[in-house]
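Encoded as structure tokens, the structure appears first; notes follow it.
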Amino acid sequence: MADQLYLENIDEFVTDQNKIVTYKWLSYTLGVHVNQAKQMLYDYVERKRKENSGAQLHVTYLVSGSLIQNGHSCHKVAVVREDKLEAVKSKLAVTASIHVYSIQKAMLKDSGPLFNTDYDILKSNLQNCSKFSAIQCAAAVPRSPAESSSSSKKFEQSHLHMSSETQANNELTTNGHGPPASKQVSQQPKGIMGMFASKAAAKTQETNKEAKIEAKEVTNASSAGNKAPGKGNMMSNFFGKAAMNKLKVNLDSEQAVKEEKIVEQPTVSVTEPKLATPAGLKKSNKKAEPVKVLQKEKKRGKRVALSDDETKETENMKKKRRRIKLPESDSSEDEVFPDSPGAYEAESPSPPPPPSPPLEPVPKTEPEPPSVKSSSGENKRKRKRILKSKTYVDEEGCIVTEKVYESESCTDSEEELKMKTSSVHRPPAMTVKKEPKEERKGPKKGTAALGKANRQVSITGFFQRK
Amino acid sequence: MGGAGARRLAGCGAQRVTLLGLGEAVWTKQARSVAMFSEQAAQRTHTLLSPPSANNATFARVPVATYTNSSQPFRLGERSFSRQYAHIYATRLIQMRPFLENRAQQHWGSGVGVKKLCELQPGEKCCVVGTLFKAMPLQPSILREISEEHNLLPQPPRSKYIHPDDELVLEDELQRIKLKGTIDVSKLVTGTVLAVFGSVRDDGKFLVEDHCFADLAPQKPTPPLDTDRFVLLVSGLGLGGGGGESLLGTQLLVDVVTGQLGDEGEQCSAAHVSRVILAGNLLSHSTQSRDSINKAKYLTKKTQAASVEAVKMLDEILLQLSASVPVDVMPGEFDPTNYTLPQQPLHPCMFPLATAYSTLQLVTNPYQATIDGVRFLGTSGQNVSDIFRYSSMEDHLEILEWTLRVRHISPTAPDTLGCYPFYKTDPFIFPECPHVYFCGNTPSFGSKIIQGPEDQRVLLVTVPDFSATQTACLVNLRSLACQPISFSGFGAEDDDLGGVGLGP
């Protein structure tokens, strides 16, 4: 009979292979329900004992039931050897279940090997560990990758919610999705990278500006690949030496990647111009080459404009790796940090703090965020400080290239203005690159010159000098 | 077999009136009023000590009807530690004052005068509301330790720091005063807000005649449930501890909950477990060894932290659990999260396998949630064990009840228990009374139902340390009863069975 095959199987496992056959092991091996496996084991034991009473078979049972202990009824679940079975059964007030736990040839001294057997078979079947179980849970469905990444973003958001609340850039209300989405985007890289760098807070100002642009796209996106770039960035962090530099470029590149990944945009036309401008921004940001390598597969047909820029960027990547990043001016320490994220919104219009010991941070910092806000009030978005190389001719007629931090906004017209205002002291002969494309060529040349000066002398340089 | 056929995938809880069995008792609804898990499990139709049958019943896990996580007050956003801790005491007093004034009027008449310390007149009987401070000579003080003039060696850790010379001081917003009289100095701890009734003496000390606490907060009634639902509370899994015995116990626990172990009756009962709460200390204390700091670099260069392996094991266990039942994971004293209360949830990146399931929830410590209308509130035990160290109370269940009566989860924070410097609100004050109040990692299991002054009814549960006791707790949401469930294997000596009461 086909049914009897299992008897032969068990026989083989126990006697020939000398295995410890637990019900769980049998269930996974034969692909049967756990209860059926238990019954199979019992059947085998009974038959074997009937035909050959001297059979060398040791059986362990699982007994469960309740017994009164210390005044309350305690439910016990125990794995017992056959010889102790009756004794244990007699102790229990109510016996709930008894079934065969395992069969093995040798007498077991303790239950350690049982655990090992179960553990091994479980390890090899982790993905469908409840397939043969007697209980199926409707709620336990594996999440789709999109859901899991968005939930990880939410995790970061609730954790690091407050970091951007008090920053200047949160006055944006143009996007309905503004603050939460921007935090989502900025916090996800921050959350993952934040584990590696301590100065993650310094970047939120910059990332927030970019994040706003992408707020709409990110909220609508079913970004299947979001996890991949996230992971890719983590990996690249291991490879990068100067973590600070890499972090900045990684953050930027990751957001560019996110941008590209979002394909299922119903409102592509609306977002297209928006994307073009951040592309402009991104071009002036230097992207690390290793990160780009990991994300090569993200080209999309629609983003033709972007792809052009990307090729230019890859050229610049090598030159721009070594950049000394000046930390952003951190917000003052006395800022009001709300205790719980949820509490903050409720409390902002709330009455003044309690009359007991004066809370010194509160009055001082209230003017601070608004003042920061107002300065960038006209320029509602995309103000960034980026490192630019300024080439100019000095008194002696030498061309000098300097790297300087400047505020730059998204639109080109304002950019020139700001550059002029912030670098007034520079000689007028400085070459101001208006077009983003030309700009990069300029800094490219500039950094090439600088690169030579700053590049470390390699050990083989000693020999070449001959 | 008729018995197997009677079970349907809709869950065996649907029709419960008659039971086809081998002479089993017929359970009517009345008889089920005190149905513990064991009794339910004993209702089996046929034993598995039989030849294989064609159909094997599968039970559907009871879905959670309603669940809300109300732990938002315990989540921290951006944290600033540049604040003083005085703010948390100030806000604690301000929040508790109205409750205490109410209780004072209930106890000592509505005409009792509630005065501030600065308004006290000598000899006049009145009531004062304030925060307690207990001056303990044995309390470890870092200042004393590092002070050179004392030349003290660091004190070895003790289990209790109480001393007959302890003194109580009452502090309010402006002043403090020493307390004498009918007040149990050894029992009370620093940080408790209470109301004392008495008068100030000429020596400047306050003579206490009576005192009262804020007592239980108001409680919402539970909606009645029609079927038995269980919540499993486990704490102190202690993975990475190196003890093999507890590993089998843990595996047995997981198998019972996921429905692999046991007869059909037991599996059916296990399908009624609607949620599992892991209350802290998932990792063992030994995973916290700081070898890398103490040992020489060449010895520890390529060693991995013990917690890495332990977290992998935990991930596998959580995967098995979350594939079958909603799980809430609270961090504990030895888990990789922050030290100060409230502890933030463990990061999902540590559980790549288990976070694939949405049934896994990583929550804060303390944790409060409403499961099927029953309000749960619990901690991983740091609050209770800290009070244990500084109070004469011996029983963890007694301390748990006391914290409920004082209306504060951990009064000793931030004095002796690490706490975040809150300044707007103290989230550890009970805004409302829970129905089930538990704490994890206690030395033994205990459960009690207490009554409040306004007919509140609370089930207190002390969840024992699983790695030591192999015991978990099953709370029946319908009847608010709790049953311990323990697991055992067998060892070389028979004493192993005796340890859990099953020995010869």
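Naming convention: chains lettered A, B, ... in sequence-line order (proteins, then strands); numbering from 1 in each chain. Not measured: the values here are computed from a predicted model.
Heavy atoms closer than 4.5 Å to chain B are found in the side chain of T60(A), but not in its backbone. Proximity to chain A (any heavy atom under 4.5 Å) is shown, for V62(B), by neither the backbone nor the side chain. Both the backbone and the side chain of F115(A) have a heavy atom closer than 4.5 Å to some heavy atom of chain B. Interface remark: L252(B) contributes side-chain atoms only to the contact with chain A (heavy atom separation under 4.5 Å). Contact annotation for E46(A): neither backbone nor side-chain heavy atoms come within less than 4.5 Å of a heavy atom of chain B. The contact between V100(A) and chain B is made by backbone and side chain atoms together, counting heavy-atom distances below 4.5 Å.
Taking all atoms of both residues into account, the shortest heavy-atom contact from S324(B) to C137(A) is O-CB, 2.9 Å. The minimum heavy-atom distance between Y101(A) and L261(B), with the atom names listed, is CE1-CD1, 3.8 Å. Here the closest non-hydrogen pair linking P484(B) and H72(A) is CG-CD2, 3.8 Å. The two residues Y23(A) and Q260(B) come nearest to each other via the heavy atoms CE1-O, 3.5 Å. Considering every non-hydrogen atom in both G262(B) and K38(A), the closest pair reads O-NZ, 2.8 Å.
Scored by the salt bridge (Lys or Arg N to Asp or Glu O under 4.0 Å) test, R92(B) finds D426(B) as partners (sequence neighbours excluded).
In this structure a side-chain-to-backbone donor-acceptor pair under 3.5 Å is missing from Q267(B) to I135(A). Side-chain atoms of S111(A) come within 3.5 Å of backbone atoms of F490(B) as a donor-acceptor pair (strictly under, hydrogens ignored).
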key: Derivation and outcome, side chain to side chain donor-acceptor pair (under 3.5 Å), residues H99(A) and E266(B)   = CA-CA 11 Å; H99(A) 65 77; E266(B) 185 150 6; over 6 Å; no
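Note that OG1 of T471(B) and NE2 of H75(A) are 12.0 Å apart. Values are rounded to the nearest 0.5 Å. Rounding to the nearest 0.5 Å gives a distance of 11.5 Å between CZ of F59(B) and CD of Q136(A). Taking CG from D255(B) and OG from S133(A), the interatomic distance works out to 8.5 Å, rounded to the nearest 0.5 Å. Atom CG of L126(A) is separated from atom CD of Q320(B) by 7.0 Å, given to the nearest 0.5 angstrom.
Within 6.0 Å of atom CD in E82(A), more than 12 heavy atoms from other residues, nucleotides or ligands are found, so the atom counts as buried in its surroundings.
When each of V32(A), L41(A), L122(A) is checked for heavy-atom pairs under 4.5 Å with chain B, L122(A) comes out on top.
E316(B) and Y119(A) form a side-chain donor-acceptor contact under 3.5 Å, judged by distance and modelled atom types alone.
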